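Report on the structure given below.
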Amino acid sequence: MDRNRIISPREIENFIAEGQLIVIHEGHVLRLDGWLGKHPGGKLAILHMVGRDATDEINVYHFSKTLRLMKAYRIGRIQQPWINLEPPLRGGVYRKDGEIDESEISASDGEEDSTWSSKQLSLSSSASSVYTSTDLESEIPKETVKAAITGQAIPERGDVLVSCTRRKPFAAGVDEIQQPALKLPDTYPAKNLSRAAYTAILEQKEILNGIRAYPSLDIETQGNIALEYKALHERIKNEGFYECRYSEYGKEAIRWTILFCAFIFLLNAKWYLTSAIFLGMFWQQIMFTAHDAGHRGITGNFVADTLIGAFIADFCCGLSIGWWKSSHNVHHLITNMPEHDPDIQNVPLFATSPTYFKSILSTFYNFTFIWDAAADFLVPYQKYTYYPIMAIARFNLYLLSWLHLLSPRAANLGSAWWTRPVELAMMACYWALFGYGLLWCTLPTWPIRVGFVLISHCVTMLLHVQITLSHWGMPTADLGPTESFAQRQLRTTMDVDCPPWLDFLHGGLQFQAVHHLFPRVPRHNLRALQVLVREFCEKTGVKYQCYAFVEGNQIVLSRLEEVGKMVEALVKCQLHMAETGESGLH
């Protein structure tokens, strides 16, 4: 096989149509069919990269030894620049040479403007695109949809459009270019639209607002951002940011020991409910290190870090590190994508995107999150239920942990097959010690047992708020396949501004944007790395979002309130249609 031959985009599309897993890395074409079942990070991490240039993702997630192993999977090269394809997992459709696409036949027989009835609408001469819905077009005249997207005058109607600007860095003398944004037309209030049509408008609006606020999505601009990101990655490697400062873990171990000893002392003194507070604080603090281990940010050795993570998460806290890694790997790759990111899939309790209104199939859970009457009732109140649910969120993590360990996903980890029995053994030890030894044998009465469990688990609420704070208030719109990895991570993630002496309380989660750019960098180096990330953002024009803890909470609550009000409008629409005898709100 000639591994240096140039493979055309059409050939690659043919490979994907045949079911092959083709990924681009450093200009080379990788066929990863033989690696799918062996990948310790799970199958979804590969499936989400099919047809895409995953150079940035692969380089920041893997050590040099793994990168060398990937050379065995090369089958050729591509001509740069590469225009990303949509992976089949995300809805990309491919056909082999000679196969007939019925949509093209029907389109050729249509009117002159028939291209506007397809899913992909061109926004500019760049490769950026947004997607519309046939449900939207069936309810609103095609001319209005086209005008709303492009910012043209709307014939015979008084719809409101808001013009916006889109920054374009790296272009000498050009700071901004005009780009239209979409506002819900005044002549089409919610009560006159079906759920699908109204949801489509909200999605289009969020897409265009994202385009307005960030650098151009054309290949040249995003390519320059990727080059700057690559240069930054080389700099942090050369300057030793990947070197773990083990002395910091020594300091943390002292803190864990103090908290755990306080718990034991108070428990022996029969101050049961007070001791529960210190156990909860111990859980909150030690889980930060499990997060580090899950990213191989401690020793860099897969086996060692996995065992450290399993001891902390499974044995000390009763939570599966394997479940966390399987969902977290996906979360990092496709952050805040409603159909794919399991970290924001919480319907019917919460919804952070209007995309959920139309019911979505989760590619992670392979389960359809149905938008039903329960969601209609609960989501409008999510601003108020956020903190109470965060207080008891640990119980849900227990459930997800066991569901993962008992599922085929936990067994299909290739070379990491041994992690499942290790986790099961450690989880069994946790429940033997906590469930039987502590709750049943040590605590004297049922009221004290219930109170102990609630208090210890509610104390960990801070950790759950810290986890959700970074993303729940951030955009969820997909700006298309040309958006660079670095821009998407910074666009969908916020950092928390806090003084250095409070770093112990946040455990590195205050630097989530920095962490998403470089997930293997040890936690204790993130504050220093933040300085370089700020410089990167200033140079590229990509917004760096960093807010104080209270302000960040307000942003999350505002987003929850905003989506809640969208749901209220849909519910009123449903009542209106029921009263008038109209249909369509499904």
Side-chain angles (χ1 to χ4, degrees), residues 206 209-210 213 277 280-281 283-285 287-288 291 328 331-332 335-336 338 341-354 356 378-397 454-477 489-517 523 526-527 530 533-534 537 543-568:
E206 296 202 344
N209 287 344
I277 297 174
M281 293 170 64
W283 282 336
Q284 189 259 353
Q285 283 290 300
M287 275 303 293
F288 296 140
H291 177 263
H328 205 66
H331 159 72
H332 266 267
T335 310
N336 269 22
D341 185 354
D343 281 16
I344 61 170
Q345 294 175 346
N346 301 286
V347 173
L349 294 178
F350 298 107
T352 57
S353 169
Y356 291 112
L378 292 170
V379 171
Y381 299 101
Q382 62 182 352
K383 175 184 177 181
Y384 306 102
T385 60
Y386 173 66
Y387 292 116
I389 291 178
M390 290 299 105
I392 57 174
R394 188 178 181 87
F395 296 104
N396 183 52
L397 301 187
L454 289 177
I455 291 173
S456 61
H457 286 57
C458 287
V459 168
T460 64
M461 167 187 174
L462 177 60
L463 177 61
H464 303 132
V465 171
Q466 290 168 324
I467 292 171
T468 57
L469 184 64
S470 303
H471 301 292
W472 281 26
M474 296 294 99
T476 59
Q489 296 306 314
L490 290 166
R491 182 172 62 85
T492 57
T493 312
M494 79 159 74
D495 275 354
V496 175
D497 188 18
C498 75
W501 65 268
L502 259 182
D503 282 352
F504 81 94
L505 191 63
H506 292 279
L509 297 183
Q510 74 274 37
F511 302 119
Q512 278 293 281
V514 181
H515 168 64
H516 267 248
L517 289 176
R523 180 200 346 152
L526 293 178
R527 180 170 287 278
Q530 183 187 43
V533 170
R534 287 184 184 273
C537 291
K543 192 185 305 181
Y544 176 63
Q545 302 174 99
C546 184
Y547 307 96
F549 183 72
V550 173
E551 186 179 3
N553 275 263
Q554 292 172 341
I555 290 173
V556 170
L557 293 176
S558 296
R559 178 59 175 173
L560 295 177
E561 181 180 25
E562 179 185 14
V563 177
K565 288 182 177 179
M566 295 177 187
V567 176
E568 289 179 345

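None of the values given here were measured: they were computed from a predicted structure.
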- Query: More than 12 heavy atoms of other residues, nucleotides or ligands under 6.0 Å from OH of Tyr381: is that the case?
  - Reply: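 No - once you tally the heavy atoms of other residues, nucleotides and ligands closer than 6.0 Å, there are 12 at most.
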- What do you reckon, is OH of Tyr384 surrounded by more than 12 foreign heavy atoms closer than 6.0 Å?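 Counting other residues, nucleotides and ligands, OH of Tyr384 stays at 12 neighbours or fewer.
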Check: [Y] main-chain N/O paired with [X] side-chain donor or acceptor under 3.5 Å:
X	Y	answer
Gln489	His332	yes
Gln382	Ala351	yes
Arg491	Ala213	no
His457	Gly280	no
Arg559	Thr352	yes

Which pair of non-hydrogen atoms, one from [X] and one from [Y], has the smallest distance, and what is that distance?
X	Y	answer
Arg534	Cys546	NH2-SG, 3.8 Å
Ala513	Leu490	CB-CD2, 4.2 Å
Pro475	Asn336	O-ND2, 3.1 Å
Gln512	Met494	CB-O, 3.9 Å
Phe288	Leu505	CZ-O, 3.6 Å
Lys383	Leu557	O-CD2, 3.6 Å

- Message: Checking Met287 against Leu463 for the side chain to side chain contact (heavy atoms under 4.5 Å, CB included) test, could you report, in this order, the C-alpha distance in whole Å, the side-chain angles of both residues, the deciding distance, and whether it holds?
- Response: CA-CA 9 Å; Met287 275 303 293; Leu463 177 61; 4.0 Å; yes
[X] [atom1] to [Y] [atom2] distance, which is reported to the nearest 0.5 Å:
X	Y	atom1	atom2	value
Ile277	Ser456	CD1	OG	10.0 Å
Phe549	Gln510	CZ	CD	11.0 Å
Leu502	His506	CG	NE2	5.5 Å
Thr476	Asp341	OG1	CG	10.5 Å
Asp503	Arg527	CG	CZ	4.0 Å
Gln284	Arg394	CD	CZ	10.5 Å

- Verify side chain to side chain contact (heavy atoms under 4.5 Å, CB included) between Asp495 and Gln545, making sure each step is shown before the conclusion. CA-CA 6 Å; Asp495 275 354; Gln545 302 174 99; over 6 Å; no
- Query: Can His291 and Arg523 be said to form a side chain to side chain contact (heavy atoms under 4.5 Å, CB included), step by step?
  - Reply: CA-CA 9 Å; His291 177 263; Arg523 180 200 346 152; over 6 Å; no
- Message: If we count only N and O atoms by modelled type, under 3.5 Å, do the side chains of Tyr386 and Asn553 hold a donor and an acceptor together?
- Response: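 No - no donor-acceptor pair under 3.5 Å links their side chains.
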- Return yes if a side-chain donor-acceptor contact under 3.5 Å exists between Gln530 and Tyr544, otherwise no.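 On atom types as modelled, these side chains qualify, holding a pair under 3.5 Å.
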Would you indicate whether the side-chain heavy atoms of [Y] and [X] approach each other to under 4.5 Å?
X	Y	value
Ile389	Leu349	yes
Met474	Thr335	no
Tyr356	Ile344	yes
Val563	Phe350	no
Gln466	Leu462	yes
Val496	Leu469	yes

- Should the pair His328 and His515 be assigned to parallel (<30°), tilted (30 to 60°) or perpendicular (>60°) ring geometry?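 Aromatic pair His328/His515 classed parallel.
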- Task: Could you give me the CA-CA distance, side-chain angles and deciding distance for Leu517 and Val533, then say whether side chain to side chain contact (heavy atoms under 4.5 Å, CB included) is met?
- Result: CA-CA 9 Å; Leu517 289 176; Val533 170; 3.8 Å; yes
